[in-house]
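Chain letters run A, B, ... following the sequence lines, proteins first, then strands; residues in each count from 1.
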Number of protein chains: 2
Amino acid sequence: MAHTTTHHSDDLAQRLADSGLRNTPQRELVYQSILARRDHPTAEEIFARVKAEMPTISLATVYNCLETLIECRLVRAVHFERASTRYCPNLVPHAHFHDSKTGVTHDIDLPEELLAALKKLLPEGYTADMIDITYHGRGAEKPEKLKD
Amino acid sequence: MAHTTTHHSDDLAQRLADSGLRNTPQRELVYQSILARRDHPTAEEIFARVKAEMPTISLATVYNCLETLIECRLVRAVHFERASTRYCPNLVPHAHFHDSKTGVTHDIDLPEELLAALKKLLPEGYTADMIDITYHGRGAEKPEKLKD
DNA sequence: CAAAAACTTAGAATCATTCTAAGAAGAGGG
DNA sequence: CCCTCTTCTTAGAATGATTCTAAGTTTTTG
């Protein structure tokens with residue numbers, strides 16, 4: 001089996017096939033444009049990069065391709081919870097659990113030592129004013145008496 | 001010093017005064033409406049609740065009051081990073097550090113044991129598909145060679 | 001090749017949020 | 001009290017990211 005330098009493209013083709021999806025030039029290009037740099041581009045930025053190679057591509061297609069790549073687990077979306085901002089009077093440091101089935105969010109208390117451990121992961125000279133932690137998952141089948 | 005049941009209102013008045021801001025019926029009402037329940041309402045939901053008491057209040061005012069409350073550290077915004085979603089090809093579990101000075105985001109590796117510790121905080125029966133961790137703060141004064 | 005299915009496209013639509021410009025309300029000084 | 005300055009509130013317009021729609025293309029399969 002000959003290995004080429006297009007290793008990641010093979011990944012893409014494989015993953016798409018696994019999901020019963022087609023490999024298209026647009027998907028390939030969007031994927032490559034994300035892999036090309038170790039940054040965190042927005043859809044608009046990706047659109048700009050990709051347009052240089054394929055001037056006819058549309059922004060909608062870029063969004064579509066990104067969604068496909070996320071489905072195939074080749075790319076992660078960073079702030080993907082794009083619903084409305086929510087406001088919270090609980091000022092004790094805590095995390096949020098977002099139930100993807102019900103849409104309900106509730107608070108999870110954070111022990112001091114965990115926060116300390118998280119802060120230790122930062123490189124020298126970096127300081128965190130706050131750490132935003134959100135779990136995404138499912139609650140218990142038999143719902144607890146926790147509220148939104 | 002006589003303590004009343006309007007403890008939280010006093011908090012508000014105090015905090016506003018500390019920041020050189022006025023205490024208004026709108027700010028009071030928005031604050032009370034968040035304290036009233038232990039949930040995570042959106043601006044629209046707060047608007048709806050508050051409108052019942054003060055039908056002339058506007059959505060813009062609700063947004064303004066919320067911003068004021070956040071300034072005074074009486075309320076937290078949950079998904080406040082409302083810029084564009086960013087996409088990231090790094091599939092190893094990692095956190096993000098968001099530099100509020102430069103707007104730059106970079107990856108922070110997460111040790112397995114820390115993830116395990118986070119998962120242990122969940123109540124019985126809760127499972128997390130993913131945990132989104134974002135630090136907000138400032139990088140080193142002498143910038144490292146880390147990229148966006 | 002024909003028909004169905006999967007994709008792409010441009011532009012309209014949506015939704016949360018912010019901006020703008022004008023009007024009200026409170027604080028202080030005379 | 002009245003004036004003026006500053007702070008707030010308001011309605012509606014504007015913005016910006018994303019999604020939807022409807023039509024056109026490409027691919028696949030029979």
Exercise for review: Take the protein atom CG of B:N23 and the nucleotide atom P of C:dG26, then report the distance between them rounded to whole Å.
Suggested key: 12 Å

Review point. Is the distance between the ring centroids of A:H94 and A:H96 under 6.0 Å?
Key: yes

Exercise for review: Check the distance between C:dA10's P and A:I57's CD1 and give it to me in whole angstrom.
Suggested key: 10 Å

Review point. When you measure from the side chain of B:T24, which nucleotide among D:dT9, C:dT9, C:dA16 comes out closest?
Key: D:dT9

Review point. Under the 3.5 angstrom rule, does the side chain of B:Y126 hit a backbone N or O of B:L121 as a donor-acceptor pair?
Key: no

Revision key, fill the gap. Walking DNA chain D from its 5' end, the first of B:Q26 and A:P25 to be reached, judged by nearest nucleotide, is B:Q26

Exercise for review: Please confirm whether the backbone N or O of B:C72 pairs with a side-chain atom of B:R15, one donor and one acceptor, at under 3.5 Å?
Suggested key: yes

Review point. Checking A:E45 side chain against A:T42 main chain: does a donor-acceptor pair fall under 3.5 Å?
Key: yes

**Study point:** OP1 or OP2 of C:dT18 under 4.0 Å from side-chain N/O of B:Y63
**Key:** no

Practice item. Round to a whole Å and report the spacing from CG of A:L29 to P of C:dC7. Key: 17 Å

Check your understanding: Whole Å only: how far is the CG atom of A:N64 from the C1' atom of D:dT18?
Key -> 11 Å

Check your understanding: Between OG1 of A:T127 and CG of A:L122, what distance do you get to the nearest 0.5 Å?
Key -> 8.0 Å

Study note, to complete from the structure: From CD1 of B:I46 across to P of C:dA16 the rounded distance in Å is 13 Å

Practice item. Rounded to the nearest angstrom, tell me the gap between atom CE in B:M54 and atom C1' in C:dA25. Key: 13 Å

Study note, to complete from the structure: From the candidates D:dT10, D:dC8, D:dA17, the one with an atom nearest any side-chain atom of B:L21 is D:dC8

Revision key, fill the gap. Assert: residue with more 5' nearest nucleotide on DNA chain D, out of A:R22 and B:T56, is B:T56

Check your understanding: If you check the A:R27 side chain, which of C:dT8, D:dT10, D:dT6 turns out closest?
Key -> C:dT8

Practice item. Quickly work out the A:F47 CZ to C:dT9 C1' distance and round it to whole Å. Key: 10 Å

Review point. Hey, is the side chain of A:S58 poking within less than 4.0 Å of OP1 or OP2 on C:dT8, counting only N and O atoms?
Key: no

Check your understanding: How many Å lie between CD on A:E67 and C1' on D:dA17, as a whole number?
Key -> 14 Å

Study note, to complete from the structure: Testing C:dT8, D:dT9, D:dA11 for proximity to the side chain of B:C65, the answer is D:dT9

